[in-house]
There are 2 protein chains.
Amino acid sequence: MAETARGTESRYGNRPTMKDVAARAGVGLKTVSRVVNGESGVTPDTERRVQEAIEALGFRRNDSARVLRKGRTASIGLVLEDLADPFYGPLSRAVEEVARAHGALLINGSSAEDPDREQELALALCARRVDGLVVIPAGDDHRYLEPEIKAGVATVFVDRPAGQIEADTVLSDNFGGARDGVAHLIAHGHRRIGFIGDQPRIHTAAERLRGYRAAMEDAGLPEDEAWVSLGTTDAGRVRAAAEAMLSGPEPVTAIFAGNNRVTVTVVRVLAGLSRPVALVGFDDFELADLLQPGVSVIAQDAAALGRTAAERLFRRLDGAQDVAPERIELATRLIARGSGELPPAG
Amino acid sequence: MAETARGTESRYGNRPTMKDVAARAGVGLKTVSRVVNGESGVTPDTERRVQEAIEALGFRRNDSARVLRKGRTASIGLVLEDLADPFYGPLSRAVEEVARAHGALLINGSSAEDPDREQELALALCARRVDGLVVIPAGDDHRYLEPEIKAGVATVFVDRPAGQIEADTVLSDNFGGARDGVAHLIAHGHRRIGFIGDQPRIHTAAERLRGYRAAMEDAGLPEDEAWVSLGTTDAGRVRAAAEAMLSGPEPVTAIFAGNNRVTVTVVRVLAGLSRPVALVGFDDFELADLLQPGVSVIAQDAAALGRTAAERLFRRLDGAQDVAPERIELATRLIARGSGELPPAG
DNA sequence: TCCCGGGCTGACAACGTTGTCTAGGCTCTA
DNA sequence: TAGAGCCTAGACAACGTTGTCAGCCCGGGA
């Protein structure tokens with residue numbers, strides 16, 4: 001414990017470096033570098049000696065030093081809301097696959113829907129000198145990223161638009177999707193339709209509400225304050241909102257749920273009811289088809305969002321710096337499974 | 001376009017460095033470093049001048065250089081199977097939270113259940129000099145990590161044990177969980193019980209099969225080759241397996257599903273059947289309670305697995321290097337929702 | 001025999017930061 | 001007023017790698 005194996009090739013507790021490998025192989029530092037990087041111009045015999053030394057010492061190149069020297073990290077950052085959310089898993093995975101195809105690693109962090117945390121995370125990633133950044137915004141002011149973008153950090157926003165700055169953005173057609181979903185309910189005879197959504201400061205929530213309103217207006221239906229409820233998506237709040245709009249003298253006969261978490265809670269509430277209430281939810285979810293009745297949804301393709309964003313990002317990294325920022329909108333798809341086709345009860 | 005703003009404070013296209021900030025503020029390099037790191041010993045006036053220069057130039061410290069100098073990256077790596085799998089989302093998030101509490105970032109990658117890719121990823125993370133590594137093994141030989149561990153990379157394996165090396169491991173009680181689940185079916189009168197699981201080379205799959213066999217044996221029940229099916233968890237394979245054991249002269253009256261993906265497919269198969277078949281699945285999943293009947297499961301706590309592993313890792317990083325590797329096993333929990341309590345039909 | 005060219009190889013600086021050490025100016029006390 | 005001591009500030013080396021450049025050796029041609 002007192003006497004450690006110090007001073008043979010490398011200091012105890014420290015990793016061997018190319019210098020150590022070079023010393024052991026009896027060659028120059030640069031030759032080791034050449035072998036490690038598979039550069040040409042090394043005789044087979046020298047290469048073998050170096051390889052042996054690498055094996056013997058358990059050498060592994062220090063990428064921090066490499067990055068410092070080369071300027072590129074071959075890694076990109078992903079700032080999302082919550083890795084545990086089933087919507088972001090596939091999105092994240094899609095980004096990772098594209099990154100992998102470009103030889104880059106993915107560093108990610110969850111903002112937990114907190115703008116300060118988003119900023120902290122994004123800037124920490126910039127300090128690591130990620131080559132690019134994919135951001136699912138929690139806040140609505142991204143001017144803090146301007147110096148970074150100017151300095152060459154390719155940045156793409158996904159799922160929600162950037163605030164106060166111009167940048168590439170990949171979105172689902174939240175407005176159109178919600179409008180289609182509500183129109184679907186209207187087509188099945190509903191006139192009193194509730195909307196339960198996320199907090200209005202969140203772009204997707206606002207857009208979906210706008211879609212709901214557009215569909216109601218298109219159909220010449222009145223709107224009732226009591227039919228719209230916005231707020232956090234925790235089960236308690238959503239349950240209360242649903243129960244409120246389902247009671248009273250003129251209860252809604254159908255509900256449009258603003259996202260997957262809301263939908264699930266609404267399904268639970270409706271399961272406890274005796275009369276049928278129609279439901280369409282935004283976002284698809286596993287097993288939606290197995291419930292009784294199957295839950296009709298507006299599906300968005302999370303993987304496609306991630307893939308599109310990441311591809312856009314690497315296109316910029318591969319030279320298209322001066323292309324103007326673009327806003328890409330992906331279509332949504334109505335999947336009818338039964339719950340949206342129930343006729344109005346009562 | 002030809003004449004760029006070169007040579008004022010920093011080269012065009014490159015980020016400003018502390019040197020640039022120092023020049024602009026008219027102070028020494030080290031003073032900038034002090035300000036950036038909030039060290040003491042700088043007069044308020046000097047600090048203000050430096051801060052102004054930082055703002056003006058949009059300076060952000062280069063953490064690569066910092067890491068090179070300091071030796072610690074304040075980041076840990078997570079190698080898992082598939083970020084898009086609903087089981088790994090919460091696990092990953094839990095690891096991230098612990099990392100965040102220790103001021104570290106999380107770099108992660110999916111192995112896609114491919115041992116070579118797992119190794120490639122893990123070693124790439126080591127080259128980045130992550131301080132520690134959380135690994136959900138895809139392969140069964142991890143000797144390739146020995147030099148890294150020896151060099152000080154704290155490593156913890158989760159969900160499945162390390163192969164061929166001694167290392168900290170955090171597992172669920174797969175054997176006990178499966179045994180309890182099958183015993184639950186037996187207690188409700190079943191004698192012909194099927195087992196559909198993942199590939200036997202995967203540790204969890206093997207353990208769960210062992211649990212199934214133990215429960216059958218404990219109850220003195222015979223075992224039939226035709227009741228056990230192991231293989232990939234894609235829907236086609238699982239569907240075929242389920243249909244096979246549900247047909248013939250002596251069909252099973254209950255099925256134990258080896259993981260969440262299998263369970264979901266089995267639920268689909270059973271939904272198409274006229275007679276009731278009992279089911280218990282390993283892994284809980286959202287909405288299991290809303291299906292008809294509710295799906296009984298053996299639940300493991302993915303977040304607890306991740307949290308426990310990450311805490312173990314940081315305890316090592318915080319000085320407990322010489323503690324012997326430990327194997328921690330977390331209990332599972334039977335959640336009865338109806339599908340496991342169906343009596344044998346026919 | 002000398003010179004030239006090409007293939008290998010290594011010395012050295014640089015990337016941007018932090019730790020160490022020293023210098024200079026100030027205050028405080030005798 | 002001189003000396004001690006503290007506080008602020010900057011010069012410099014080092015972290016481990018890669019790019020540049022120069023040197024060596026060997027073979028071939030004149």
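Residue numbers begin at 1 in each chain, while the letters A, B, ... track the order of the sequences. What you see is a predicted model; the values in this text were computed from it and never measured.
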To the nearest angstrom, how far is [X] atom [atom1] from [N] atom [atom2]?
{"X": "B:M18", "N": "D:dC12", "atom1": "CE", "atom2": "P", "value": "19 Å"}
{"X": "A:R60", "N": "D:dG16", "atom1": "CZ", "atom2": "C1'", "value": "16 Å"}
{"X": "A:D63", "N": "C:dC15", "atom1": "CG", "atom2": "C1'", "value": "15 Å"}
{"X": "A:N37", "N": "D:dG19", "atom1": "CG", "atom2": "P", "value": "8 Å"}
{"X": "B:D45", "N": "D:dA9", "atom1": "CG", "atom2": "C1'", "value": "13 Å"}
{"X": "B:K70", "N": "D:dA13", "atom1": "NZ", "atom2": "P", "value": "21 Å"}
{"X": "B:E39", "N": "C:dT18", "atom1": "CD", "atom2": "C1'", "value": "8 Å"}
{"X": "A:L68", "N": "D:dA14", "atom1": "CG", "atom2": "C1'", "value": "12 Å"}

- Query: Take atom CG in A:D141; do more than 12 heavy atoms of anything else shown fall under 6.0 Å from it?
  - Reply: yes

- In terms of the angle between their ring planes, are B:H102 and B:F314 parallel, tilted or perpendicular, with boundaries placed at 30° and 60°? parallel

With a 4.0 Å cut-off on N to O distance, would you call [X] and [Y] a salt bridge?
{"X": "A:R315", "Y": "A:D318", "result": "no"}
{"X": "B:R61", "Y": "B:D63", "result": "yes"}
{"X": "B:D140", "Y": "B:R201", "result": "no"}
{"X": "B:E96", "Y": "B:R307", "result": "no"}
{"X": "B:E326", "Y": "B:R312", "result": "yes"}

- Which nucleotide in C:dT17, D:dT18, D:dT17 has an atom nearest any side-chain atom of A:N62: D:dT17

Quick check on [N]: is either OP1 or OP2 less than 4.0 Å from any side-chain nitrogen or oxygen of [X]?
{"X": "B:R66", "N": "C:dT18", "result": "yes"}
{"X": "B:R61", "N": "C:dT18", "result": "yes"}
{"X": "B:S33", "N": "C:dT18", "result": "yes"}

For nucleotides 8-10 of chain C, list the nitrogen or oxygen atoms of the protein found under 3.5 Å from its nitrogen or oxygen atoms, one pair per line.
{"residue": "C:dT9", "atom": "OP1", "partner": "A:T43", "partner atom": "OG1", "Å": "2.8"}
{"residue": "C:dT9", "atom": "OP1", "partner": "A:T46", "partner atom": "OG1", "Å": "2.5"}
{"residue": "C:dT9", "atom": "OP2", "partner": "A:T43", "partner atom": "N", "Å": "3.0"}
{"residue": "C:dG10", "atom": "OP1", "partner": "A:G28", "partner atom": "N", "Å": "3.2"}
{"residue": "C:dG10", "atom": "OP2", "partner": "A:G28", "partner atom": "N", "Å": "2.7"}
{"residue": "C:dG10", "atom": "OP2", "partner": "A:T31", "partner atom": "OG1", "Å": "2.5"}
{"residue": "C:dG10", "atom": "O5'", "partner": "A:G28", "partner atom": "N", "Å": "3.4"}
{"residue": "C:dG10", "atom": "N7", "partner": "A:R34", "partner atom": "NH2", "Å": "2.7"}
{"residue": "C:dG10", "atom": "O6", "partner": "A:R34", "partner atom": "NH2", "Å": "3.3"}

